[in-house]
Amino acid sequence: MEEQLAELTAQVAALKGGGATTNTMFAEMFYYLTIPLMIIIHAGFLAYEMGSSRMKNVLSSGVKNILAFAFMIPTFYFFGWWVYWGFPTGLTLSAGEAGISGAAYASSIAFGWGESAQYMGPNIADNASGVFFGAFALFAATTASIMSGAVIERIQTVGFVILAIVLGSFAWVVAAAWGWHADGWLVTKFGVHDFGAAGLVHAVAGFFALGVLINLGPRIGKFNADGSANHIAGHNMPLTVVGLMLIIVGFWGFLMACVIVPGEAWSWFGDKFATIYGTPITLSALSFNILMAVAGGIIGAWIWTKDPFWMMSGALAGIISTASGLDIYFPALAFVIAFSAGIIVAPAAAWLERRGIDDAVGAVTVHGTIGLYGVVMLGVFASGYPALQGEGVATISLFGQIVGAVVFFLCGFVPGYVVSYILKGMGMLRVPEGAEIAGMDTVKIPAQGYPEGIPTSPAPAE
Amino acid sequence: MGFPYDEANWAVVDGAMYMGHGSIMPGVYTLIAAVICVAVLFIGHKSEAEKSAKH
């Protein structure tokens, strides 16, 4: 009998060990797969802004976008990851109640030197740090890509890269620490809920771009002497539209990476997915709501514009307008909110243009304005929901969401305006007029986008 | 630099396994990588400014 019990105990222990191993491998694979999916977002932005550029600037727009990605990863490694863990409680950098924030904690896990280096490189006992870092670094790259499209055809490459670093490895990370972390003061004090980062990624990046655009100025020929605007068509609308669709594909990885898997030491639950706030979520909820939001945004934009560019921008606006509450919206409500976002996105962009802002791809409106719209809409519909896991936690409210929206706006606009103002003063923001007129590919790219032009196809075989 | 454990045997590895673990080298590599990024931006800006000035 004792022998049988001992054998059974050993079998149970082996099963538990096997289950734990499977869970750890699943968790690591889950986040690992979000990384290539989010790289598709970057591929989409690359196609989107190259297509939106005139032929004389097509490659320089691509170079700028690729460099943003390349500089984002190491700078996020050097200090962006530290900012996320260091800043949640505010500028004091003190530790929060959850015990996973503050300068001391950040320094123990997020620096590439000393004892913390063990969490920033290959470690057989750590299956989480690298994939979490990778997912967050790709969030950072997304913010830089959002800004990248708005400033095409006249910004200096290095000035742009510096702005991308400030946005991707600092500005949005501070917003994420405050509003997307269990110790974030916006969450613990105001009940801010922004599951899919409508405010802390999209609005921050969109309004950072607005701050830059004010100092950068419009492209030559965009506005007439009386202030009226001319449409500067990109050279390849199909490329732009396909790029927008790729961004939507990548969003599935982006939103997947916003989910905390169960069963690990760092998980919220042993048996179910959670949001970053520790509130329950299912991937089915995401599936319902993302699809309905994409559809609602497209239909809303189609009613107003009939333009494929704005229809696909409407799809983005649909996701962004519902991103804060994709975990708890009812699908039909997500559709309605996304539909309304699709309707307002093109007029909102036209309103901005009438104020002399030359946003070449509508990034300020699609990501900035609609991002804040989404944050506030959640306050309208989800008031009373607990914002965090636990007893006596703050609840979601319209007031809290408005506070969050204001903070996200400031986290984007202020650094975007200030840093671009400094770069302008240093002569590092805008290319000289002669270079802009000649086309930036001619000035600095040792390759041609279309060496044979875009000729008519030869006749088909008999 | 060598294997970061006393015995050259994967069976004893129970944590960090990158080259230079336990030494100052990760910090040195991090510093070099950061310096490369800054230097490339500096050189890149100088090069681009010279090309733009011709137009």
Side-chain angles (χ1 to χ4, degrees), chain A residues 56 60 63-64 67 70-79 82 110-126 129-130 154-165 169 423 426-446, chain B:
Chain A
K56 64 180 181 178
S60 63
V63 165
K64 176 171 66 62
L67 273 181
F71 275 91
M72 200 52 53
I73 304 302
T75 56
F76 197 80
Y77 183 92
F78 298 149
F79 58 86
W82 188 94
F111 275 144
W113 59 83
E115 284 296 309
S116 74
Q118 65 184 302
Y119 302 110
M120 295 297 283
N123 184 331
I124 194 64
D126 180 5
S129 296
R154 75 277 207 198
I155 198 165
Q156 289 193 28
T157 305
V158 173
F160 165 76
V161 170
I162 291 169
L163 287 164
I165 291 169
S169 289
L423 289 170
M426 296 169 68
M428 293 180 68
L429 188 61
R430 186 159 182 147
V431 297
E433 185 177 336
E436 185 178 342
I437 292 170
M440 295 206 285
D441 285 11
T442 303
V443 173
K444 60 188 179 187
I445 306 295
Chain B
M1 211 168 340
F3 195 62
Y5 289 83
D6 291 338
E7 185 185 345
N9 181 348
W10 283 108
V12 304
V13 175
D14 59 357
M17 53 187 180
Y18 50 81
M19 287 171 264
H21 170 55
S23 73
I24 64 164
M25 292 316 291
V28 173
Y29 296 140
T30 302
L31 179 63
I32 292 170
V35 168
I36 287 171
C37 288
V38 174
V40 165
L41 287 177
F42 181 79
I43 295 165
H45 177 66
K46 191 164 175 280
S47 160
E48 193 167 294
E50 285 169 359
K51 287 178 181 171
S52 295
K54 293 174 186 169
H55 290 268

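So that the names make sense, note that chain A is the first sequence line, chain B the second, and so on, each numbered from 1.
- In this structure, the side chain of B:Thr30 engages the main chain of A:Gly112 through a donor-acceptor pair within 3.5 Å.
- Of the atoms belonging to A:Val443, heavy atoms from both backbone and side chain fall under 4.5 Å from chain B.
- In this structure, B:Asp14 and A:Ala125 approach most closely via the heavy-atom pair O-CB, 3.5 Å.
- Heavy-atom distances place the side chain of A:Ile165, and not its backbone, under 4.5 Å from chain B.
- Heavy atoms closer than 4.5 Å to chain B are found in both the backbone and the side chain of A:Met428.
- In this structure, chain B has heavy atoms under 4.5 Å from both the backbone and the side chain of A:Ala117.
- Few gaps surround CD1 on A:Ile437; more than 12 heavy atoms of other groups in view lie less than 6.0 Å from it.
- A:Ile445 contributes atom CD1, which lies 7.5 Å from atom NZ of B:Lys51 (distance to the nearest 0.5 angstrom).
- Formation of a donor-acceptor pair under 3.5 Å by the B:Glu48 side chain with backbone atoms of A:Thr157 is found in this model.
- Between the side chain of B:Tyr18 and the backbone N or O of A:Gln118, at least one donor-acceptor pair lies under 3.5 Å.
- Nearest heavy-atom pair, A:Val161 versus B:Leu41, reported as atom, atom and distance to 0.1 Å: CG1-CD2, 3.6 Å.
- Residue contact with chain A, scored on non-hydrogen atoms closer than 4.5 Å, involves the side chain of B:Val40 exclusively.
- Summarising the local packing, CG of B:Asn9 is surrounded by more than 12 heavy atoms from other residues, nucleotides or ligands at distances under 6.0 Å.
- With chain B as partner, the option from A:Tyr119, A:Trp113, A:Phe111 having the largest number of non-hydrogen pairs under 4.5 angstrom is A:Trp113.
- Remark: B:Ile24 CD1 is loosely packed, at most 12 non-hydrogen atoms of other residues, nucleotides or ligands lying under 6.0 Å away.
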